[in-house]
Amino acid sequence: MVEALLVIDNLHKRFGQVEVIKGVSLTVGKGEVACIIGPSGSGKSTLIRCVNALVAFEQGSVKVLGIEVNDPKLDKLQLRKHVGMVFQQYNLFPHRTALQNVMMAPIQVLKRNKAEVEAEAYALLKKVRLEGKEHSYPGELSGGQQQRVAIARSLAMKPDLMLFDEVTAALDPETVGEVLITIRQLAEEGMTCVLVTHEMGFAREVANEVYFTDRGVIVEHAPPASFFTNPTDPRTKAFLSQVL
Amino acid sequence: MRVILPLPEVLQRETLRALPVMRLSWRHVILLAGLLCLFTIATDAAGNNAVQTGVFTVLARWTPLLLRGFALNILISVLSMAIGTGLGAFLGLALISPDRPLRSTAWGVTQFFRNAPWLVLLFFMIFILPYHLHIGSFKFVLPDWSKAVIGLSLPVMANVAEIVRGGVQSIPNGQWEASESLGFTRHQQLWMIILPQAVRRMLPPWMNLYAILTTSTTLASIVGVNDVVTLAGQVLSAEGSRPDLLAPIYGYVLIMFYIYIYPIAWATRRLEHKYQVHN
């Protein structure tokens, strides 16, 4: 068993009267890829938002590299240096170029040297195959290109854990591939990743463990080989028969 | 007629942004009607009555005085806008503050001044502010127009606050989430990510507000400031209160405002279009 990087233990999250996460536990080891799948409204996005403290939760524990997220005295900046997040809607800063989007956080948040950060930003954009687009504004880029800038922007903070929240859900089918290639490349390089996704084929290829959530609980989890061929829970079976 | 066409569009956008209502196109109609009246009556008067001085001669004679009055209207509008914008920016930021007491206080102040009739605020300021101002051993006379500036800057402040709040809240939540997860502090998020985007969206309604404010400076004439409307009245008396001069002189004042404000309205529309495409 590899060293655990993310440990979620009995997490509960309530929005008013509605409990959207009802006791979720999962562990992701260093360098592993966990895919969370499940019907809409099952609390997947909320779950990963709890991991980087975008959403506060009432009960349970989330530990990233030993940092307890559910601590009132949590140093959020410290946590967020370790956790990168990519969103469904890219959320690039539209008033800044691709390069500036990548450079902003390391300079402003980590207070790093500008020249150094700039060199890294060029390298990162090259890595996500956006060479030549450094000075384009987000509005001038396609969805797939914007999403790859967003990935580069997260990577610029040198995180230990990357969270992907349905990052291909808003993309045209033909650009989904280029984003998935980038994520696969990251996974192969040993980046620890948690993906909320509807791309079953992709989950099957890259995941070490697949989690199926429904109505705020993890119904079933297994390595992809057995998860997709021999689901045990009837809810998983029903879901998979619909999407596969 | 071309100017009337964008009416539904302008209204729609204004409803969307919950802006102070300004029906630009209606003002165009009224102004154009005023223009028409002016020249009909003017030619009429010039043709029928040879004994009295011609309308155009009267207008030409009083133009320097009326322009001086109009300059005071512009001065009042510029100063109230500057003060109102400065205060309103702070108030607007307080409206979106995470600090609850601050937010509620700001909300109360905003609502109070946004819903107060401008004329009542003007009267209030004229009577509440002292005639003299003592600073140490110096004694200043506070001119009436400076009280009008203060009176008008209060509703401007409240409206600017709403524009700031609306502009900030029009930025998608994803921008906050993305910058927060990159480790930006709230202060950095606001100043580096949100406000640079929001300011562009605030600009058109802010310019709209300025146009409304400029027309409203004529309220100052009611509280005794020697603005262009007060002077127009005095010109009329000086010319022996000739009824045939009434429409030309006030029409002349309308045209002054129109010439000053129309480019602003036009630029506002241009900006609205530009940023609509851009965002």
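Here is the naming used below: chain letters follow the sequence lines, and residue numbers restart at 1 for every chain. Source: prediction; values computed, not measured. All values below come from the heavy atoms of this structure, side chains included, with hydrogens, waters and symmetry mates left out.
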Inset, instruction - With a 4.5 angstrom heavy-atom cut-off, could you sort out which part of B:Ser179 is near chain A: side chain, backbone, both or neither? - result: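 Both backbone and side chain of B:Ser179 come within 4.5 Å of chain A.
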Inset, instruction - Name the region of B:Gln188, side chain, backbone, both or neither, that has any atom closer than 4.5 Å to a heavy atom of chain A. - result: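 For B:Gln188, the contact with chain A is made by the side chain alone.
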Using non-hydrogen atoms and a 4.5 Å limit, figure out which bit of [X] sits close to chain B: side chain, backbone, both or neither.
| X | value |
| --- | --- |
| A:Val86 | neither |
| A:Leu110 | neither |
| A:Phe87 | side chain |

Legend entry - Pair B:Val160-B:Val156, side chain to side chain contact (heavy atoms under 4.5 Å, CB included): steps then yes or no: CA-CA 6 Å; B:Val160 167; B:Val156 170; 4.0 Å; yes
Inset, instruction - With sequence neighbours excluded, tell me which residues meet side-chain hydrogen bond (donor to acceptor under 3.5 Å, both in side chains) with A:Lys63. - result: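 Scan of A:Lys63 (side-chain hydrogen bond (donor to acceptor under 3.5 Å, both in side chains), adjacent residues dropped) gives none.
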Inset, instruction - Answer yes or no for A:Lys13 and A:Phe15: cation-pi contact, defined as NZ/CZ to six-membered ring centre under 6.0 Å and angle to ring axis within 45°. - result: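 Pair A:Lys13/A:Phe15 counts as cation-pi.
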Inset, instruction - Determine which residues belonging to residues 144-157 of chain A lie within contact range of chain B, meaning some heavy atom pair is under 4.5 Å apart, and list them by number or answer 'none'. - result: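 Expected list: A:Arg153, A:Ser154, A:Met157.
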Inset, instruction - Could you tell me whether B:Glu180 and A:Arg80 make a salt bridge, using a distance below 4.0 angstrom between a side-chain N and a carboxylate O? - result: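 Here B:Glu180 pairs with A:Arg80 in a salt bridge, since their nearest N and O are under 4.0 Å apart.
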Inset, instruction - Kindly indicate, with the supporting measurements, whether the criterion side chain to side chain contact (heavy atoms under 4.5 Å, CB included) is fulfilled by A:Val24 and A:Tyr211. - result: CA-CA 11 Å; A:Val24 162; A:Tyr211 294 84; over 6 Å; no
Inset, instruction - Among the options B:Ser181, B:Pro196, B:Gly174, pick out the one with the most heavy-atom pairs lying under 4.5 Å from chain A. - result: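 The option with the most such pairs is B:Ser181.
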Inset, instruction - Find the one option among A:Gln78, A:Met85, A:Arg96, A:Met104 whose heavy-atom pairs under 4.5 Å with chain B are most numerous. - result: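 Ranked by contacts with chain B, first place is A:Met104.
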Inset, instruction - Can you spot which of A:Gln89, A:Lys44, A:Arg49 makes a side-chain hydrogen bond (donor to acceptor under 3.5 Å, both in side chains) with A:Asp165? - result: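 With A:Asp165 as partner, A:Gln89, A:Lys44, A:Arg49 yield a single side-chain hydrogen bond (donor to acceptor under 3.5 Å, both in side chains), made by A:Arg49.
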Inset, instruction - Search all heavy atoms of A:Val51 against all heavy atoms of A:Leu79 and return the closest pair with its distance. - result: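 Smallest heavy-atom distance, with atoms named: O-CD2, 3.8 Å.
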Legend entry - Parallel, tilted or perpendicular: rings of A:Phe93 and A:His95 (30°, 60°):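 Geometry flag for A:Phe93 against A:His95: tilted rings.
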Legend entry - Flag for A:Glu134-A:Thr97: side-chain donor and acceptor within less than 3.5 Å: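 Note: A:Thr97 and A:Glu134 side chains miss the donor-acceptor criterion.
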